[in-house]
Amino acid sequence: MKEGIRATMAFCACGLLGACCAPLVLAQEHAAHVHGEARLDVAQEGNTLSLQLESPLDNLLGFEHAPKNAAEEAQAKRMSETLRAADRLFAPTPAADCALESVTLESSALTPELLGETEHEHEHAKEHGDAHEGEEGHADLDALWQFRCARPEALRAVEIRMFDSFPGLRALKVQTATPGGQRGATLTPEKRTLTW
Ligand SMILES: [Zn+2]
């Protein structure tokens, strides 16, 4: 109940228009788009470590529409660059010797160009982008980071440092699937290390 109330408040605060508060039940049921919160799925499979983020764009960018001017465009580009510098966002166990292999970014509010995507992903975004569009003026950002680890057996933890880069992000609902099993956790700026 407490969590429901908090989610409601965050949802209402997101828009200054009263209309934003109408689909409250929807927001609670899906818990998918609450400003300040995001989902992160972490999986270790063999020597690959994958981190998949689904976040309200507001958490990362401060707005959820296509950039309306040069300043907003520059802001979106800066966000993309920060998201692509994954070594500063995630710190896997050093002994596992993990190196970033790929980053994919997608958002219905931002063009693949602003997200720094290549031609191939451009097609992909065009196919899927429309489906997420226009839910009460909100937009998400989906990101996938993949690391390849030279000594995956040493991989025991990931420190999530993205809270430092994105102060708008206050809670991460995490699901992990690793050789150690599956589990859920909530990370915050104060509690930011996942272990397995
Ligand atoms: Zn929103």
Side-chain angles (χ1 to χ4, degrees), residues 1-42 51-84 86 89 103-117 121 124-145 160-175 184-190 192:
M1 192 60 189
K2 229 170 145 188
E3 178 154 305
I5 291 167
R6 211 179 51 228
T8 299
M9 287 173 62
F11 193 76
C12 288
C14 70
L16 296 173
L17 300 173
C20 181
C21 294
L24 283 183
V25 178
L26 198 76
Q28 283 177 25
E29 268 176 16
H30 293 273
H33 190 102
V34 177
H35 290 190
E37 293 183 6
R39 260 189 70 126
L40 184 70
D41 290 328
V42 179
L51 300 105
Q52 188 156 16
L53 177 78
E54 185 185 335
S55 171
L57 191 55
D58 184 81
N59 296 352
L60 311 170
L61 189 57
F63 57 87
E64 296 191 334
H65 50 259
K68 290 173 179 159
N69 51 49
E72 288 189 349
E73 216 164 88
Q75 225 174 312
K77 282 186 181 162
R78 267 201 307 277
M79 176 200 71
S80 304
E81 282 163 17
T82 306
L83 287 170
R84 286 178 185 283
L89 304 179
V103 184
T104 309
L105 304 177
E106 198 176 313
S107 173
S108 59
L110 303 174
T111 62
E113 193 201 353
L114 281 175
L115 292 168
E117 288 296 333
E121 269 101 21
H124 179 80
K126 250 162 71 181
E127 263 173 47
H128 298 282
D130 293 353
H132 311 286
E133 217 169 77
E135 191 185 308
E136 300 291 326
H138 293 275
D140 283 337
L141 182 129
D142 297 332
L144 174 65
W145 295 271
I160 311 296
R161 295 177 173 167
M162 63 186 311
F163 292 110
D164 296 332
S165 306
F166 300 105
L169 182 64
R170 296 186 295 275
L172 264 182
K173 308 253 166 140
V174 184
Q175 289 289 332
T186 300
L187 297 186
T188 64
E190 293 76 34
R192 51 171 64 194

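In this text, all values refer to a predicted model and were calculated from it rather than measured experimentally. Atoms within each ligand, like the ligands themselves, are counted from 1 in listed order.
- Sorting the N, O or S atoms of His35 by how far they are from the Zn ion (ligand 1) puts NE2 first.
- Distance alone, capped at 3.5 Å, places no donor-acceptor pair between the Asn59 side chain and the His35 backbone.
- Pairs of residues two or more places apart, or lying in two chains, that qualify as side chain to side chain donor-acceptor pair (under 3.5 Å) and include a residue from residues 72-81 are His65-Glu72.
- Between Glu117 and Arg84 there is a salt bridge, since at least one side-chain N of the basic residue sits less than 4.0 Å from a carboxylate O of the acidic one.
- Checked against the Zn ion (ligand 1), the N, O or S atom of His138 at the shortest distance is ND1.
- In this structure, the side chain of Glu64 engages the main chain of Asp58 through a donor-acceptor pair within 3.5 Å.
- The Zn ion (ligand 1) has Glu64 among its coordinating residues (N/O/S atom, backbone or side chain, under 2.8 Å).
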